[in-house]
Amino acid sequence: MSDLAGRSTRLAVLVSGTGTNLTALLSAIGSDPDFGAEVVVVGSDRPEAGGLARAEEAGISTVVTALADHPDRVTWEAELTRRLAEHRPDAVVLAGFMRLLSGAFLGHWPDRVINTHPSLLPAFRGAHAVREALEYGVKLTGSTVHLVDEEVDHGPVIAQRAVEIRDDDTEERLHARIKEVEHELLPTCVKLLSQGRLVVDGRHVRIREASK
Ligand code: GAR
């Protein structure tokens, strides 16, 4: 099923890291005939990102656009946009992508850029969410999947799930447990987006019933 006249939703996925969320998304799509989406391109700002190798193994086109190869962020982002657009994606999934995207990028896919973040937003935005939750001493953190706006880890929340922090947690152990949650929550939310079931009203996202 898809909201796009019966065809599957074309996804671009952006990664900067190891790409375990990309792998989880690919396996969710591969094991669910009703998912309604396909990954048509994986992009990264880092040529060494593990997610690129995962995409290549899966036979998916990859695009690398490094900020250091461009005179400024505007040129870098325009190039990234152009190279993704060649694959005609309907939506963009940030699966561990660690760069801020401007309104110029987001305007190509309004309410169709989705991000996973390893905390219960609005707590612990930014690149070190797991470490900062541990340092702060909170007892609960978790996973948030949200629509992307121009601010860091800030757009309307689609879904959240809590993860308890244990006394003997390290950043690595806690992040691994959060990723287990992300690996379910991100594909669930991407499926809802792909099926056109997210209704956005300002900061509020409602989930529409599945059509029969
Ligand atoms: C994930 O935990 C994701 O939430 C986080 O990067 C990790 C990527 O893991 N993203 C952010 O912190 C964005 N602010 P992966 O490369 O194994 O999918």
Side-chain angles (χ1 to χ4, degrees), residues 11-30 37 39 41-58 60 62-67 73 77 80 91-102 105-106 113-136 138 140-166 169-191 193:
L11 301 173
V13 180
L14 293 180
V15 296
S16 300
T18 53
T20 64
N21 279 286
L22 168 67
T23 302
L25 179 61
L26 290 173
S27 66
I29 291 172
V39 177
V41 62
V42 171
S44 183
D45 57 322
R46 295 178 60 232
E48 68 279 19
L52 290 169
R54 286 172 195 251
E56 278 156 20
E57 278 162 29
I60 297 166
T62 58
V63 155
V64 180
T65 311
L67 183 55
R73 292 190 65 91
E77 196 189 71
L80 178 66
V92 180
V93 180
L94 309 187
F97 187 65
M98 305 308 269
R99 300 251 178 226
L100 194 60
L101 295 164
S102 78
F105 181 97
L106 300 172
V113 183
I114 193 170
N115 181 44
T116 178
H117 181 73
S119 77
L120 293 176
L121 291 173
F124 310 117
R125 293 159 66 183
H128 306 291
V130 180
R131 187 188 315 161
E132 286 170 12
L134 266 180
E135 284 171 0
Y136 195 91
V138 290
L140 273 183
T141 186
S143 159
T144 301
V145 178
H146 65 96
L147 295 172
V148 176
D149 66 11
E150 286 185 72
E151 290 181 52
V152 178
D153 303 320
H154 174 268
V157 172
I158 301 167
Q160 293 185 299
R161 236 185 254 168
V163 172
E164 280 189 35
I165 296 184
R166 299 174 185 157
D169 260 336
T170 59
E171 183 178 353
E172 197 178 27
R173 278 203 290 264
L174 177 57
H175 202 166
R177 289 206 310 289
I178 294 172
K179 282 194 186 188
E180 279 175 30
V181 173
E182 292 189 291
H183 294 168
E184 285 182 20
L185 203 60
L186 180 65
T188 299
C189 293
V190 173
K191 180 173 173 177
L193 176 83

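We count ligands from 1, going down the list as the structure has it; atoms in each ligand are counted the same way. Keep in mind that what you see is a predicted model, and the values were worked out from it rather than measured.
The closest approach between a heavy atom of Pro118 and any atom of ligand 1 is below 4.0 Å. The closest approach between any non-hydrogen atom of Asp153 and ligand 1 is below 4.0 Å. Contact between Gly126 and ligand 1 is present, with at least one heavy atom of the residue lying under 4.0 Å from the ligand. Distances from ligand 1 to the non-hydrogen atoms of Met98 include at least one value under 4.0 Å. Heavy atoms of Ala129 stay at 4.0 angstrom or farther from ligand 1.
When all heavy atoms of Ser143 and Val181 are compared, the closest pair comes out as CB-CG1, 3.8 Å. Contact detail for Asn21 and Leu186: the closest heavy-atom pair is CB-CD2, 4.0 Å.
Taking every heavy atom of Asn21 and a limit of under 4.0 angstrom, the matching atoms of ligand 1 come to 1 (C), 9 (O), 15 (P), 18 (O). Within the listing of ligand 1, atoms 15 (P), 16 (O), 17 (O), 18 (O) sit less than 4.0 angstrom from a heavy atom of Gly19. In summary, the atoms of ligand 1 found under 4.0 Å from a heavy atom of Gly17, numbered by their order in the structure, are 16 (O). Numbered from 1 in the order shown, with element, the atoms of ligand 1 that lie under 4.0 Å from a heavy atom of Lys179 read 2 (O), 9 (O), 15 (P), 17 (O). With ligand atoms numbered from 1 in the order given, ligand 1 contributes 15 (P), 16 (O), 17 (O) to contacts under 4.0 Å with heavy atoms of Thr18.
Other residues, nucleotides and ligands contribute at most 12 non-hydrogen atoms within 6.0 Å of the CD atom of Glu172. Around the CD atom of Glu164, the shell of radius 6.0 Å holds no more than 12 heavy atoms that belong to other residues, nucleotides or ligands. Crowding of Arg166 atom CZ: a count of heavy atoms from other residues, nucleotides or ligands under 6.0 Å not exceeding 12.
Using a 4.5 Å cut-off on side-chain heavy atoms (C-beta onward), Val130 and Thr141 make no contact. Proximity of Ile60 to Arg54: side-chain heavy atoms (C-beta onward) are nowhere separated by under 4.5 Å.
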Next item on the list: Test side chain to side chain contact (heavy atoms under 4.5 Å, CB included) on Met98 and Asp45 and set out the steps.
Entry: CA-CA 9 Å; Met98 305 308 269; Asp45 57 322; 5.6 Å; no
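Taking atom 14 (N) of ligand 1 as the reference point, the nearest protein heavy-atom neighbour is His117 ND1, 3.0 Å. Nearest protein neighbour of atom 10 (N) of ligand 1, counting heavy atoms only, is Thr116 O, 3.6 Å. At the shortest separation from atom 1 (C) of ligand 1 among protein heavy atoms lies Glu182 OE1, 3.3 Å. What sits closest to atom 7 (C) of ligand 1 on the protein, heavy atoms only, is His175 NE2, 4.0 Å.
For a threshold of 3.5 Å applied to N or O pairs, the pair formed by Thr20 and ligand 1 contains at least one separation below that value.
Note that CD of Glu182 is 11.0 Å distant from SG of Cys189, once rounded to the nearest 0.5 Å.
Between the Thr62 side chain and the Val42 main chain, no donor and acceptor come within less than 3.5 Å of each other.
Neither the backbone nor the side chain of Arg125 has a heavy atom within less than 4.0 Å of ligand 1.
Across the listed options Ala127, Ser16, Gly96, Gly50, Gly96 owns the non-hydrogen atom lying nearest to atom 8 (C) of ligand 1.
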